[in-house]
Amino acid sequence: MIPTERMIPRTGLTMPATGCYRLFELTAWYVSVFTMSRERRRSVGCRAQSKETSGMTHILDETGSVTIAEPTKETRSEEDLDLPWQIVVHNDPVNLMSYVTMVFQRVFGYPREKAERHMLEVHHKGHSILWAGMREPAELYVQQLHGYLLLATLEKIS
Amino acid sequence: MEICRQNDQIEISELDPFLAELLRQIPASTSPDGTPAAEQRLFSSPTNGKQPELCAEWKTYVEPELRRLFQSATETVAADLEQLNGNEKSLANRTLRIPTKHTDAWLSALNQARLVIAAKNNFTESELSDHLRSPIGSRRDLSLFQINFYGFLQEFILRELDG
């Protein structure tokens, strides 16, 4: 049986199974790294950069009707343009050195030598940058580090 | 006290009443008991203070998850420690067996307890490095001994995990 309509992922809307529709969904959805449930990003997720696109745009509104709009601007989410973030682990006189090494190995999959190098950097310099990259995986790493009770912060690379 | 690995268990034997009591104190020691410094240490800020929006999200979504995680580890440890329940006399030369599948829970609970005790007592780094201090002098000395004893158990578990 051919379905007559299908659900548009993450919107709660349906659209016909046949025909071509482009949907510019300006609000970004994501699977929360914290709760593993769907959450709507705040509207700030849509600010950032836009660029002109050519051709007509079909817009599906909340009632399910399709309208044709003038050439519009394609908006990129903030995530697309996100500057890298870094994960910094700070010294703590209570956590054991062997424990911290084990956590770095487990969380980041680092080999023992690399994990120990970072652990010693934390111990001697007071902090070490463990990882840099996009915000969402960085948040997940920091959450894991806090789960192991390490003092870890997420910082935007300026 | 003797500690060794026996197949899929870590066995702590010949426990005297004092050390058995310290072990029994682990679950209770993980509780910040409303001490802000201890609470802040267990649930530290995820940022360097420049991302208030992220901190707010963290409080809403992550902290409850972390609380559940810590609580779950503490409950596992508390269940293992039921082996030590009994009257004072029966605590002499008792043996505690920790299943190896519980070692992560033990590492977490021991770490929670050490961090909370250190935060409540505001121990300095040099005090924490003083492993030879007698536990008899004062309540503070006993707390320091407790931190070191729990640290010793953590070290042993880590060594066993390392194979």
Side-chain angles (χ1 to χ4, degrees), chain A residues 30-45 78 83 85-103 105-106 112 115-116 119 123 126-127 129 135-136 138-158, chain B residues 30 40-51 53-70 72-73 103-104 107-119 121 123-129 147-148 150-159 161-162:
Chain A
Y30 74 116
V31 177
S32 167
V33 296
F34 311 141
T35 59
M36 297 306 289
S37 62
R38 289 194 319 184
E39 295 288 339
R40 182 186 284 273
R41 273 274 192 228
R42 279 183 294 280
S43 56
V44 291
E78 189 178 28
L83 289 169
W85 293 66
Q86 61 188 19
I87 296 167
V88 184
V89 174
H90 305 268
N91 189 33
D92 179 325
V94 180
N95 277 320
L96 301 174
M97 293 163 95
S98 51
Y99 178 77
V100 174
T101 303
M102 179 211 72
V103 173
Q105 286 180 276
R106 280 192 182 181
R112 188 183 188 91
E116 274 179 345
M119 176 275 293
H123 184 67
H127 67 273
I129 297 167
R135 174 170 163 167
E136 287 194 10
E139 283 179 350
L140 183 58
Y141 280 135
V142 172
Q143 183 184 354
Q144 286 181 272
L145 292 168
H146 280 228
Y148 284 108
L149 291 154
L150 263 55
L151 286 174
T153 53
L154 184 60
E155 298 171 11
K156 202 163 196 172
I157 300 172
S158 52
Chain B
T30 62
Q40 277 166 24
R41 181 55 194 85
L42 289 188
F43 304 101
S44 60
S45 170
T47 73
N48 53 359
K50 291 178 182 169
Q51 308 288 336
E53 180 191 314
L54 178 60
C55 286
E57 274 187 359
W58 190 270
K59 278 221 169 294
T60 308
Y61 298 110
V62 181
E63 268 197 24
E65 285 293 317
L66 292 175
R67 273 182 208 281
R68 273 193 286 275
L69 182 72
F70 299 156
S72 161
T103 49
D104 276 358
L107 283 177
S108 174
L110 288 167
N111 219 27
Q112 290 175 59
R114 297 177 74 239
L115 290 166
V116 166
I117 297 166
N121 289 277
F123 283 125
T124 63
E125 199 158 352
S126 64
E127 280 178 301
L128 290 165
S129 312
I147 289 176
N148 289 330
Y150 294 167
F152 164 78
L153 291 178
Q154 273 190 306
E155 281 286 8
F156 185 86
I157 293 170
L158 286 166
R159 210 179 61 191
L161 286 177
D162 213 20

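In what follows, chains are A, B, ... by sequence order, proteins preceding strands, each numbered from 1. Owing to the predicted nature of the structure, the values given are computational and were not obtained by experimental measurement.
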Could you label the plane-to-plane angle of the A/Tyr148 and A/Tyr99 rings as parallel, tilted or perpendicular, counting under 30° as parallel and over 60° as perpendicular? perpendicular
Would a 4.5 Å heavy-atom cut-off, applied to side chains only, mark A/Val100 and A/Met97 as touching? no
Heavy-atom contact with chain B under 4.5 Å, split by part of A/Leu150: backbone
Heavy-atom cut-off 4.5 Å, strictly under: side chain, backbone, both or neither for B/Ile117 against chain A? neither
I'd like to know if B/Arg159 pairs up with B/Glu155 as an ion pair, taking the criterion as any Lys NZ or Arg NE/NH1/NH2 lying under 4.0 Å from an Asp or Glu carboxylate oxygen. no
Which one, A/Leu151, A/Val142, A/Leu149, leads in non-hydrogen pairs under 4.5 Å with chain B? A/Leu149
Would you check if there is a donor-acceptor pair between the side chains of B/Ser129 and B/Glu125 at a distance under 3.5 Å? no
Between B/Phe70 and B/Phe43, how do the two ring planes meet: parallel, tilted or perpendicular, split at 30° and 60°? tilted
Out of A/Asp92, A/Val88, A/Leu145, A/Thr101, which one racks up the most heavy-atom pairs below 4.5 Å with chain B? A/Asp92
Here the gap from A/Lys156 atom NZ to B/Gln51 atom CD, rounded to the nearest 0.5 Å, amounts to 6.5 Å
Please flag which part of B/Leu66 lies under 4.5 Å from any non-hydrogen atom of chain A: side chain, backbone, both or neither. side chain
What residue in B/Leu115, B/Leu107, B/Leu69 has the most heavy-atom pairs under 4.5 Å with chain A? B/Leu115
Chain A contact via B/Ser45 - side chain, backbone, both or neither, heavy atoms under 4.5 Å: backbone
